[in-house]
Novice: 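Got a structure for you, questions after.
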Number of protein chains: 4
Amino acid sequence: MRKKLTSEKINELLETGIDAFAQRGLDRANINAIARDSGVSVGVIYKYFTDKDGFFLACLRHALEVLKGEIDAALSAEGSLMTRVEHLLRAIGRCAREHPSYNVMYNEITAGASSAYARQLAGEIEGISARAYTAVIEEAKARGEIHSDVDAPMLAFFFDNLLLLLQFSYSCDYYRSRFGEYCGAAAADDEYVVRQLMTFIQSAFGR
Amino acid sequence: MRKKLTSEKINELLETGIDAFAQRGLDRANINAIARDSGVSVGVIYKYFTDKDGFFLACLRHALEVLKGEIDAALSAEGSLMTRVEHLLRAIGRCAREHPSYNVMYNEITAGASSAYARQLAGEIEGISARAYTAVIEEAKARGEIHSDVDAPMLAFFFDNLLLLLQFSYSCDYYRSRFGEYCGAAAADDEYVVRQLMTFIQSAFGR
Amino acid sequence: MRKKLTSEKINELLETGIDAFAQRGLDRANINAIARDSGVSVGVIYKYFTDKDGFFLACLRHALEVLKGEIDAALSAEGSLMTRVEHLLRAIGRCAREHPSYNVMYNEITAGASSAYARQLAGEIEGISARAYTAVIEEAKARGEIHSDVDAPMLAFFFDNLLLLLQFSYSCDYYRSRFGEYCGAAAADDEYVVRQLMTFIQSAFGR
Amino acid sequence: MRKKLTSEKINELLETGIDAFAQRGLDRANINAIARDSGVSVGVIYKYFTDKDGFFLACLRHALEVLKGEIDAALSAEGSLMTRVEHLLRAIGRCAREHPSYNVMYNEITAGASSAYARQLAGEIEGISARAYTAVIEEAKARGEIHSDVDAPMLAFFFDNLLLLLQFSYSCDYYRSRFGEYCGAAAADDEYVVRQLMTFIQSAFGR
DNA sequence: GATGAATGAGCGTTCATTCAT
DNA sequence: AATGAATGAACGCTCATTCAT
């Protein structure tokens with residue numbers, strides 16, 4: 001073959017990597033297998049990425065870019081606080097359906113093997129949402145949509161905790177089973193879940 | 001040596017395993033090193049546990065037993081819903097301080113490598129909390145502490161999501177950094193965090 | 001098998017290693033092949049030696065110990081300077097016949113791949129001969145067997161140069177061919193070579 | 001670029017190759033790095049040389065041509081045997097200073113990896129010196145400068161052994177350290193070494 | 001002819017697992 | 001029963017070589 005790699009090929013490689021890492025984890029995923037399944041040679045992985053960790057990180061960033069893009073779009077929609085929350089929840093559902101592996105990779109970095117990069121990644125990944133959510137909440141406070149004596153960053157944190165676990169509960173095996181343990185069949189009724197979580201958040205945000 | 005293994009020795013082995021798995025993850029932890037550090041031979045690990053995965057699972061269950069014990073104790077205290085919630089939050093803080101590795105292992109099973117056991121473990125681990133929280137909420141509904149038209153299991157689920165991420169945010173590198181990104185120094189003020197989360201949950205539970 | 005390795009087995013391993021390194025060089029020798037050919041698993045190589053380099057060094061030291069042992073024996077014989085020289089030359093011939101690979105390994109460390117250890121190894125290996133030869137020459141000077149105004153260490157150096165290249169000329173492919181280019185069939189006549197070199201050295205040592 | 005390769009460029013390539021092979025050895029030197037450092041593509045190396053070994057051999061011949069040129073010049077000078085020897089020794093010193101890598105490559109072929117070409121190379125490289133030295137010695141014999149009953153080729157061999165190890169002792173890490181072990185600071189005093197070796201050879205050549 | 005990105009065989013090393021003692 | 005040395009499959013990574021441009 002020996003044809004120059006198109007950027008689509010690199011994208012395919014990242015997608016294959018994401019699937020492999022999501023299914024088997026950073027350590028159990030096999031670089032040689034990923035290369036074979038992507039139809040490229042191992043060599044190109046080591047040409048484009050420093051090592052397995054570097055490739056994993058690239059896959060991760062690729063996944064998170066898409067994820068965060070959807071979130072941003074939802075957040076910057078017009079409307080009241082709760083309208084935007086609704087958009088957010090629906091975006092989360094959509095992402096989980098369209099890119100099941102992305103959320104799994106996201107969850108992966110919170111665990112063991114990637115903890116060497118924990119601090120840096122958290123800054124990179126969470127910083128933006130943290131500031132965005134906090135800003136939206138401050139804004140809502142200013143508009144009187146929520147209590148004025150609330151701690152905005154912490155409210156944002158609790159709020160994102162709910163979203164994050166919803167994401168994971170849609171996509172990660174363990175969290176999905178856990179969701180089922182709690183809610184049974186209702187867990188599968190996306191619309192119902194959104195309504196219930198909306199109510200929960202609405203109340204939590206107070207008047 | 002060649003002395004029969006005391007159950008004490010087995011406990012020490014599990015503790016060493018938990019620390020190793022928490023620090024390095026299921027795949028990177030080294031069975032031979034764990035044996036050495038516990039002062040036993042690799043042989044006994046393979047006598048008492050089927051394989052590395054089996055040993056990991058045993059470590060996990062050991063950790064979760066302690067964790068769930070604390071939770072149960074807090075939950076079965078006397079008092080109003082919010083009093084029990086407060087006990088719960090404080091128990092979570094205490095566990096995070098006393099057994100930092102336990103929560104990390106808990107988070108570990110939600111990720112990649114252990115997903116083969118996801119369903120089974122989720123049932124084992126989450127089922128009890130799911131039923132306990134749901135029962136407490138139903139009870140609170142009956143007492144009028146929370147709205148009567150609320151979906152108890154789903155409320156329990158959202159509630160546990162908040163608790164779970166608090167646990168992880170106290171103990172797991174990534175989640176701790178994320179907590180810092182959101183809340184800065186306030187993240188380290190346990191008392192303040194408890195108060196804020198109490199308020200959040202109180203509101204979410206509605207009148 | 002799984003039987004504990006006897007020290008003979010380790011010796012066999014070293015011998016196999018020496019042959020492999022002598023035939024193919026440090027880099028081209030294959031650790032897995034060496035293990036297979038010795039009837040042990042790769043694992044034991046990495047249990048007894050830190051890495052390929054460490055194993056190579058162990059092989060080297062094993063070879064040189066034997067070599068230096070023979071030299072020492074010859075040197076500590078009774079008799080005049082030239083008698084001892086004769087013993088030395090015959091010992092060199094014997095070693096070359098009995099352990100053809102040992103000299104090749106010795107030559108190996110003077111080249112490329114092992115140059116990282118050059119200084120240390122030179123001290124370890126040459127220091128003893130350097131002192132021994134110099135002492136013998138000083139002694140001969142004192143006895144009036146050689147000129148009194150000669151620089152003993154440098155004479156020892158030139159002398160050892162002649163011995164070293166004789167060693168290599170008996171055992172290393174290139175040096176052997178070179179020997180043939182110079183001396184034709186005479187190169188194969190050990191006795192004749194010894195006599196000629198004795199004469200050469202005798203003259204060089206002066207009256 | 002895509003300009004035809006000048007012979008100048010090829011020379012630069014060979015020089016870079018020589019440095020790389022001298023520093024890292026045949027196996028550890030990296031063809032791609034050599035190409036990069038010479039400002040040519042890997043492709044041209046494989047156009048002008050059959051493979052890595054072939055390129056190594058070309059580098060070697062390039063180095064030896066220069067080396068042998070200097071030797072020949074010294075040897076064909078006017079004067080007595082010992083005058084020519086002195087020229088030779090000084091030429092060796094000069095080469096070691098001007099082309100440190102050349103001697104290292106020379107030593108490289110005597111070791112492991114290139115032994116496949118040992119015989120052929122030895123003929124190519126040593127044959128000429130062998131005949132030249134032997135001729136000079138025969139001549140000196142005829143002129144009565146050395147004993148008439150000496151074996152000229154063997155004397156030439158011993159003589160070249162001394163020169164060869166002097167070359168290597170000036171340029172190769174291991175041999176240089178060995179030189180130091182024998183002679184300490186005196187090893188660095190070129191003039192002194194030449195004088196001592198002259199005396200040694202003079203005596204060895206006999207009356 | 002020159003280029004240099006792509007290829008993939010090959011090897012050093014690790015470590016879960018076994019089993020003779 | 002407990003031991004721990006031995007095993008060897010498996011995998012990350014390198015780099016000599018090729019060939020489409």
Novice: Between D:Gly43 and C:Val42, who's closer to the 5' end of DNA chain E by nearest nucleotide?
Specialist: D:Gly43
Novice: Regarding A:Asp173 and B:Arg119, does a basic nitrogen lie under 4.0 Å from an acidic carboxylate oxygen?
Specialist: no
Novice: Can you tell me how far C1' of E:dG12 sits from CZ of D:Arg28, to the nearest Å?
Specialist: 12 Å
Novice: Can you give the dot-bracket line for DNA chain E, using ( ) for pairs inside the strand, [ ] for pairs that cross earlier ones, | for pairs with another strand and . for unpaired bases, where Watson-Crick and G-U count if both distances are under 3.5 Å?
Specialist: .||||||||||||||||||||
Novice: Take the protein atom CZ of D:Phe56 and the nucleotide atom P of F:dA16, then report the distance between them rounded to whole Å.
Specialist: 14 Å
Novice: Let me know the distance between CZ of B:Phe49 and C1' of E:dT17, rounded to the nearest Å.
Specialist: 16 Å
Novice: Return the value, rounded to whole Å, for the distance between atom CD1 of D:Ile34 and atom P of F:dT17.
Specialist: 12 Å
Novice: Can you name the salt bridge (Lys or Arg N to Asp or Glu O under 4.0 Å) partners of B:Glu12, sequence neighbours left out?
Specialist: B:Lys9
Novice: In whole angstrom, what separates D:Arg24's CZ from F:dC15's P?
Specialist: 7 Å
Novice: Would you kindly compare D:Asn30 and C:Thr6 by the position of their nearest DNA chain F nucleotide and give the one closer to the 5′ end?
Specialist: C:Thr6
Novice: CD1 of D:Ile45 versus P of E:dA5: gap in Å, rounded?
Specialist: 15 Å
Novice: Measure from CG on D:Asp27 to P on E:dG12 and round the result to the nearest Å.
Specialist: 11 Å
Novice: Could you tell me the separation between the NZ atom of A:Lys52 and the P atom of F:dC11, rounded to a whole number of Å?
Specialist: 9 Å
Novice: Check every atom of E:dC15, F:dA16, F:dT7 against the side chain of D:Ile31 and return the nucleotide holding the closest atom.
Specialist: F:dA16
Novice: Would you please name every residue forming a side-chain hydrogen bond (donor to acceptor under 3.5 Å, both in side chains) with B:Ser41, sequence neighbours left out?
Specialist: none
Novice: My understanding is that only residues two or more places apart in sequence, or in another chain, count here; which of them pass ring-ring contact (aromatic ring centres under 6.0 Å, His included) with C:Tyr106?
Specialist: C:Phe168
Novice: Please work out if A:Ala33 contacts a base, only the sugar-phosphate, or nothing of the nucleic acid, heavy-atom cut-off 4.0 Å.
Specialist: nothing
Novice: Closer to the 5' end of DNA chain F via nearest nucleotide, is it D:Thr50 or C:Tyr48?
Specialist: C:Tyr48
Novice: For A:Glu124, what residues pass the side-chain hydrogen bond (donor to acceptor under 3.5 Å, both in side chains) criterion, not counting sequence neighbours?
Specialist: A:Arg61, A:Gln120
Novice: Kindly say whether, by distance alone, the side chain of A:Asn32 makes a donor-acceptor pair under 3.5 Å with the base of F:dG12?
Specialist: yes
Novice: Return the 5'-most residue of the pair C:Tyr46, A:Ser41 with respect to DNA chain E, ranking by each residue's nearest nucleotide.
Specialist: A:Ser41
Novice: For C:Tyr175, which residues count as a side-chain hydrogen bond (donor to acceptor under 3.5 Å, both in side chains) partner, sequence neighbours excluded?
Specialist: none
Novice: Would C:Asn107 and C:Thr110 count as having a side-chain donor-acceptor pair, cut-off 3.5 Å?
Specialist: yes
